[in-house]
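Notes follow the structure.
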Amino acid sequence: MVLRVPKAELPTELRENMVGQLGQVAEPVEVVWHNPAVAMSNLEFSAKLAAWDAADESLKSYAHMAVAAQVGCAWCLDVGYFQALNQNLDPAKASQVPRWRESADFTVLEREVLEYAEAMTNTPPTVTDELHASLLDRLGAAAMVELTAYIAFVNMATRNNTAHGIRSQGFSDACGIPLATRAETPGVASTA
């Protein structure tokens with residue numbers, strides 16, 4: 001797949017900041033920069049999301065990767081794995097998120113978060129009262145609201161990137177452990 005919208009030229013300061021943070025410029029920003037108002041709103045909301053602290057960062061990282069694997073956003077899965085490494089998450093465990101059902105690495109809570117992320121991502125969503133209640137009981141209301149909003153935003157970002165044809169930029173190559181491939185699930189897009 002090739003980019004469906006060509007990259008736009010970013011302002012020098014923004015380009016330099018991205019290279020400083022990620023080592024390179026993120027293609028989704030270059031593509032969306034054709035409409036700077038949309039790009040800046042996305043960047044600003046992403047920064048606000050990063051400041052939220054009611055839900056555990058590792059749970060949000062795993063949820064992000066689960067959504068990316070389900071939607072088939074190679075860029076989001078790639079950068080999510082890279083960011084998990086930078087958050088000092090176990091890279092072997094993080095690499096298994098696309099195959100979390102087959103992996104014994106995840107706790108009961110992490111499995112519920114991964115299931116919740118996928119249930120929110122399904123069209124239509126398949127979140128059950130039981131799953132929501134269990135997570136609400138385990139996390140508390142503030143963290144549950146945050147986790148839900150975080151997963152909703154990740155759905156928007158993954159679907160935006162996929163629709164524009166944005167693919168992996170190789171961020172996860174620095175992780176040292178290959179990212180597992182998603183097991184085929186009926187009715188779910190492949191990440192291949």
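When reading the values below, keep in mind they use all heavy atoms of this one structure, side chains included, and skip hydrogens, waters and symmetry mates. Bear in mind that the values here come from a model prediction, so they are computed numbers and not experimental data.
Under the 3.5 Å distance criterion, the side-chain polar atoms of T148 are matched with a main-chain donor or acceptor of M144. A donor-acceptor contact shorter than 3.5 Å is absent between the side chain of N122 and the backbone of P124. Looking at E112, its side chain never comes within 3.5 Å of a backbone N or O of L109 through a donor-acceptor pair.
The distance from the OH atom of Y150 to the CD atom of E57 is 7.0 Å, given to the nearest 0.5 Å. Distance OG1/T12 to CG/L10: 9.0 Å, rounded to 0.5 Å. The line from CZ of R159 to CE of M156 is 11.5 Å long, rounded to the nearest 0.5 Å. Taking CD of Q87 as the start and NZ of K60 as the end, the distance is 8.5 Å to the nearest 0.5 Å. The CG atom of N160 sits 12.0 Å away from the CG atom of N155 when rounded to the nearest 0.5 Å.
Considering all non-hydrogen atoms of both residues, A94 and Y62 come closest at CA-CE2, 4.1 Å. Taking all atoms of both residues into account, the shortest heavy-atom contact from F82 to S172 is CB-N, 4.3 Å. Scanning all heavy atoms of the two residues, the minimum distance from A63 to A117 falls at O-CB, 3.8 Å. Considering all non-hydrogen atoms of both residues, E27 and L3 come closest at OE1-CD2, 4.1 Å. Contact between E9 and W33 at its shortest, heavy atoms only, is O-CD1, 3.5 Å. The minimum heavy-atom distance between D105 and K93, with the atom names listed, is O-CE, 3.2 Å.
Under the 4.5 Å side-chain heavy-atom criterion for Ile, Leu, Val, Met, Phe, Trp and Tyr, M40 and V5 are members of distinct hydrophobic clusters. By the criterion of side-chain heavy atoms lying less than 4.5 angstrom apart, applied directly or through intervening Ile, Leu, Val, Met, Phe, Trp or Tyr residues, M120 is grouped together with W52 in one hydrophobic cluster. No continuous path of ILVMFWY side-chain contacts below 4.5 Å connects L49 to V145, so the two sit in separate hydrophobic clusters. There is no path of hydrophobic side-chain contacts, each under 4.5 Å, that joins V25 to L22. Placement of I177 and L89 within a single hydrophobic cluster is found when ILVMFWY residues are connected by side-chain heavy-atom separations under 4.5 Å, directly or transitively.
The number of heavy-atom neighbours closer than 6.0 Å to CD of E13, taken from other residues, nucleotides and ligands shown, is 12 or below.
Counted by atom type alone, S61 and Q83 present zero donor-acceptor pairs between their side chains at under 3.5 Å. Under 3.5 Å, the side chains of Q24 and Q169 contain a donor-acceptor pair of N or O atoms.
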Would you please test E30 and R15 for side-chain contact (heavy atoms from CB on, under 4.5 Å) and show each step? CA-CA 9 Å; E30 290 177 300; R15 176 175 289 283; 3.5 Å; yes

With side-chain contact (heavy atoms from CB on, under 4.5 Å) as the criterion, how do V113 and F106 come out once you've worked through the C-alpha distance, each side chain's angles and the decisive distance to 0.1 Å? CA-CA 10 Å; V113 167; F106 298 96; over 6 Å; no

Does the pair L179 and M65 meet the rule for a side-chain contact (heavy atoms from CB on, under 4.5 Å), with working shown? CA-CA 11 Å; L179 193 58; M65 291 175 64; 3.9 Å; yes

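Contact of the R167 side chain with the D78 side chain is not registered, since no non-hydrogen atoms from C-beta on lie closer than 4.5 Å. Within the 4.5 Å cutoff, the side chain of V31 has heavy atoms near those of the I166 side chain. The shortest side-chain heavy-atom distance between C175 and Y81 falls under the 4.5 Å cut-off. In this structure, the side chains of T128 and L131 come closer than 4.5 Å at one or more pairs of heavy atoms. When side chains are defined from C-beta on, L14 counts as touching L43, because their heavy atoms get closer than 4.5 Å. In this structure, the side chains of P98 and L77 come closer than 4.5 Å at one or more pairs of heavy atoms. Looking at heavy atoms from C-beta onward, R138 lies in side-chain contact with V108 at the 4.5 angstrom threshold.
Partners of T158 according to the side chain to side chain contact (heavy atoms under 4.5 Å, CB included) rule, which considers only residues two or more places apart in sequence or in another chain, are V67, A68, V71, C73, C76, V154.
Each of E118, E115, Q96 was checked for a side-chain hydrogen bond (donor to acceptor under 3.5 Å, both in side chains) with R101, and the lone residue meeting it is E118.
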